[in-house]
Amino acid sequence: MTDCIFCKIANGEIKTEFVYQDDAVVAFRDLNPQAPHHILCIPRQHVATTNDFQPEQAALIGKLVLAAARIAKQLGVAEDGYRTVMNCNRGAGQTVFHVHLHLLAGRQMHWPPG
Ligand code: DGP
């Protein structure tokens with residue numbers, strides 16, 4: 001997608017330090033962190049919302065979760081705990097329409113979320 005900020009981050013057009021990357025996923029720090037560790041894991045491929053995932057992308061969804069778990073280990077927060085969130089559409093607070101898995105850690109999480 002030409003006008004997608006996360007596509008531009010994933011393809012290097014907007015220089016961003018990656019905390020993790022592989023053939024399908026890149027991960028970087030959120031611009032507006034909501035926890036001491038706040039990482040966004042995104043697919044390199046443009047998918048607007050979780051509603052748009054196709055059955056053949058099941059492995060890609062798994063790769064996002066596996067990337068988050070790996071990053072949590074790297075950050076040393078895997079045992080203490082972390083939260084992963086995918087907001088879908090405006091009612092859930094989605095503001096960037098390229099799917100992303102938030103990884104939040106480093107503080108006590110509360111339930112229910114806001
Ligand atoms: P969401 O509300 O679920 O769509 O989350 C989008 C997140 O993306 C939000 O926490 C802020 C972050 N964000 C938006 N633009 C940029 C950017 O250009 N760089 C980085 N690192 N994060 C961004």
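What's counted below: heavy atoms across the whole structure, side chains too, no hydrogens, waters or symmetry copies. Indexing begins at 1, ligand by ligand and atom by atom, following the structure's order.
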Q: Go through Met109 and Leu104 one step at a time and tell me if the side-chain contact (heavy atoms from CB on, under 4.5 Å) criterion holds.
A: CA-CA 9 Å; Met109 299 294 154; Leu104 298 138; 3.7 Å; yes
Atom 14 (C) of ligand 1: closest protein heavy atom, distance to 0.1 Å, is Val96 CG2, 3.9 Å
Validation row: Met86, His102 side chains within 4.5 angstrom (heavy atoms)
no
Decide whether an N or O pair under 3.5 Å exists between Asn87 and ligand 1.
-> yes
At under 4.0 Å between heavy atoms, what of Leu40 touches ligand 1? The answer is side chain
Requested in this report: Consider only side-chain heavy atoms of I, L, V, M, F, W and Y, link residues closer than 4.5 Å, and tell whether Val47 and Val25 are in one cluster.
Outcome: yes
Notebook entry, point to check: Given the rule in the ring pair (Phe, Tyr, Trp, His ring centres under 6.0 Å) test, do His100 and Phe6 qualify, once you have shown the distances and angles that lead to the verdict?
Noted result: CA-CA 9 Å; His100 45 281; Phe6 283 2; 5.3 Å; yes
When distances are taken from atom 11 (C) of ligand 1, the protein heavy atom at minimum range is Asp30 OD1, 3.3 Å
To atom 3 (O) of ligand 1, the nearest of Arg90, Gln94, His102 on a heavy-atom basis is His102
Task: Heteroatom proximity flag, Leu31 to ligand 1, N/O under 3.5 Å - done: yes
**Message:** Within the supplied structure, the quantity of interest is the number of heavy atoms (other residues, nucleotides, ligands) at a distance under 6.0 Å from Glu56 CD; does it exceed 12?
**Reply:** yes
side-chain contact (heavy atoms from CB on, under 4.5 Å) for Tyr82 and His37? Distances and angles first, verdict last. CA-CA 9 Å; Tyr82 58 93; His37 299 292; over 6 Å; no
Test your reading of the structure: does Arg29 have an N or O sitting under 3.5 Å from an N or O of ligand 1? yes
Legend entry - Intermediate values then yes/no, side-chain contact (heavy atoms from CB on, under 4.5 Å), Val96 and Ile5: CA-CA 8 Å; Val96 178; Ile5 195 147; 4.0 Å; yes
Discussion item. Does the plane of the ring in Phe28 sit parallel, tilted or perpendicular to the ring in Phe18? Use 30° and 60° as the thresholds.
Written reply: tilted
shortest atom 2 (O) of ligand 1-to-protein heavy-atom contact is with Gly93 O, 2.8 Å
### Task
Find out whether Arg44 and Cys7 are in side-chain contact, i.e. whether some heavy atom of one side chain is under 4.5 Å from a heavy atom of the other.
no
So, 4.0 Å and heavy atoms of His100: is ligand 1 close enough to count as a contact? yes
Honestly, for Thr95 the part within reach of ligand 1 (heavy atoms, under 4.0 Å) is both
The answer for which part of Phe6 has a heavy atom under 4.0 Å from ligand 1 is side chain
Ligand 1 atoms nearer than 4.0 angstrom to some heavy atom of Phe28 are 20 (C), 21 (N)
Contact region, Ile9 to ligand 1, non-hydrogen atoms below 4.0 Å, reads side chain
Contact region, Ile5 to ligand 1, non-hydrogen atoms below 4.0 Å, reads side chain
